2 protein chains.
Amino acid sequence: MKKGVVTIADVARHAGVSVSTVSYVLSGKRTISASTRARVHASIRALGFHPHAGARSLASNRSSVIALVLPLRQGMHLPVLMQFATAVVTSARSHHHDVLLVTADEGPAGLRRVAAGAMVDGLIVMDVEMDDPRVPTLRQLARPSVLIGLPADSAGLTCVDLDFHRAGAICVDHLADLGHREVALLGAPRVVYERDTGFAHRTRDGFLEAAARRGLVAFTEPCEEDAATVRATVDALLLKHPGLTGFVVHNEAAVAHVQAALPRDTSIVAICPDELAERFSPALSSVQIPAEELGRQAVDLLMTKLNGGEPASLTMLPPHLTVRASSGPH
Amino acid sequence: MKKGVVTIADVARHAGVSVSTVSYVLSGKRTISASTRARVHASIRALGFHPHAGARSLASNRSSVIALVLPLRQGMHLPVLMQFATAVVTSARSHHHDVLLVTADEGPAGLRRVAAGAMVDGLIVMDVEMDDPRVPTLRQLARPSVLIGLPADSAGLTCVDLDFHRAGAICVDHLADLGHREVALLGAPRVVYERDTGFAHRTRDGFLEAAARRGLVAFTEPCEEDAATVRATVDALLLKHPGLTGFVVHNEAAVAHVQAALPRDTSIVAICPDELAERFSPALSSVQIPAEELGRQAVDLLMTKLNGGEPASLTMLPPHLTVRASSGPH
DNA sequence: GGCGATTGTCGAAGCGCTTCGACAATGGTT
DNA sequence: AACCATTGTCGAAGCGCTTCGACAATCGCC
């Protein structure tokens, strides 16, 4: 009667080779003759050997696990989060890595725990804010990381995000192409701008630059998230600028209220998940949040770093506009 | 200049005790005097020591990680999945465990990989079907597991699920209380019944039993998921049974079409995520899918097993009906 | 046909931790 | 005053793997 678990020593004995030979067959780090390799593989299969992850990580100082740190807070659009997580897992698996799920509410301590304890080789941190308290921790950690979102100081970090600047711009271009001459951006709530959140400002800048380039009259307003305030904001805008016919909305929670508050013949373009845009009637023309692409890119970048590479510090994914029923010619 | 990582030996030296003493301070498995304990803790903090997870798992044969196996396929309601995952992580953390995210598309091999390789101490497998190929694998694995969903043969397993039987019943009770005399259940697509999927049958049985108990006339129909077929099904039902006034819908994808196809004065009760029920107008009275409760329970059960306990084989969560605008007196 | 390179394999030294048995120093009982 | 328990600590033996240096066997080349 054997012991419970099959070890590499059992495989070596069964195949009539040394333990190190088995290890080299597995890792491919030294040349092993084809016949030996075949014999070892046969023994592995015959015994049902699975290397002990802990032993491996202890000896090699690599765990083949990456951490995925997800925000827990309300307001995050759950489907997008899930799509992102799925993409990360799928992509990591294709690089022979597993994914440890960590929630952001553990804060910097959580990052330290999994990184310093050598549970993971690297981290992907989603939804990083401008002055995120985790950024300094990430910097001093000995393990590489990739951030989704753009902190204030990204020097020495690797970040991926949707190019909100261009996203704002292509919304304007779309409206301009349709013949609109006066356009407005309804963005995040005022507090979000005040705490200097990256994506809100980037969208606004892109929006304004494109409007200037296309010779449009442009206005931007923060946008609260309750129906009444939204209606008041929209009404005030329309009253003051009767020529306004095109709206860009960058606020998931408010977009429904905006659509309800606007006259039917105005055009709306949103920056929001496709899933959300399709739910409205008329369906919203929108720039999607490319969750899967973000996940894939983040993993690729992290793998590059794990292999000693030095990828670009900033990766900005190009925005894609899907035209639906909410925008039309003027 | 020290080496990169702080080890337990460094802590021992710094505190002037032996390595084993530090280990016992950490695990509490032997009594250590208060003064020594304090000294060790001070050294741990001073040096920023984090035990090496791999070394720990190798020596103790426990990884303090559990696997969460999530379905990837379309049709799963993403927000529910995410809520569930979040609950599992939060709950696992409160038991000092981490969570490894595995996707179901790896199949039985994925389970074997993480379990046999000692990456995880136990597994939570979501969305188990009646004849799930992973069930035999789970049975022969040396690690405990908890299933969400009910396979055909649950002997020797630990399963948690919503009590769909009672869910079907309370929908009927609700409609009966409102004065409806003829009710119909629109369930999963026909193929789902044919492949003997557990929850579909359980709901139907509960529905029929309750109807009999309350003396209602009851019909059940499978329900496809495209608008045209749904309308045809509904129209046929209403034509044949003009007295039908109450509908129970257990089909997330079809419920929108059902609502659109039914006359305004019929009552609808759905079995679906709250998030979905609230999105309709009028909002649907519904029995929610208790994602968070399922996650918490699953972790609790798994922890019980990891500690040598033997929890109940079947845990059926009681359904909760939220009355909204879609159901009214007849 | 002799010599350096290359190829294939082995043995052993760790990696950082847990845990077992040993044992000195106490304390409480007769 | 002699004894047995209890308490607190230590040393050492692994846990299963990777990796380094060593070395025998084979190869290619002048």
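Numbered from 1 within each chain, the chains take letters A, B, ... in sequence-line order. Note that this is a predicted model, so its numbers are computed, not measured.
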For [X] and [N], what is the distance between atoms [atom1] and [atom2] respectively, to the nearest whole Å?
X         : N       : atom1 : atom2 : value
Lys29(A)  : dC17(D) : NZ    : C1'   : 12 Å
Ile8(A)   : dC10(C) : CD1   : P     : 12 Å
Met119(B) : dG16(D) : CE    : P     : 17 Å
Asn61(A)  : dT18(D) : CG    : P     : 13 Å
His52(B)  : dC17(C) : NE2   : C1'   : 10 Å
Ile32(A)  : dT6(C)  : CD1   : C1'   : 14 Å
Leu58(A)  : dT18(D) : CG    : P     : 11 Å
Leu26(A)  : dT9(C)  : CG    : P     : 15 Å

Looking for any heavy atom pair under 4.0 Å, which part of the strands does [X] touch: base, sugar-phosphate only, or nothing?
X        : value
Thr7(A)  : sugar-phosphate
Val17(A) : sugar-phosphate
Thr36(B) : sugar-phosphate
Arg62(B) : sugar-phosphate

Base of [N], side chain of [X] - is there a donor-acceptor contact under 3.5 Å?
X        : N       : answer
Ser20(A) : dG11(C) : yes
Tyr24(B) : dC20(C) : yes
Arg30(A) : dT9(C)  : yes

Item to complete: Consider only side-chain N and O atoms of Ser20(A) and Ser23(A), and report whether a donor and an acceptor are under 3.5 Å apart.
Response: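 The answer is no; no qualifying pair exists.
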Worksheet item: Taking atom types as modelled, is there a side-chain donor on Ser94(A) or Ser91(A) under 3.5 Å from an acceptor on the other?
Response: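 The criterion, which ignores hydrogens and geometry beyond distance, is not satisfied for Ser91(A) and Ser94(A).
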Below the 4.0 Å mark, does [N] have OP1 or OP2 next to a side-chain nitrogen or oxygen of [X]?
X        : N       : value
Ser33(B) : dT9(D)  : yes
Ser60(B) : dT18(C) : no
Ser23(A) : dT18(D) : yes

Fill in: Candidates dC17(C), dC17(D), dG8(D) - which lies nearest the side chain of Thr31(B)
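Closest nucleotide to the Thr31(B) side chain: dG8(D).
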Salt-bridge criterion met for [X] and [Y] (N-O under 4.0 Å):
X         : Y         : answer
Asp127(B) : Arg134(B) : no
Glu106(A) : Arg93(B)  : yes
Asp153(B) : Arg139(B) : yes

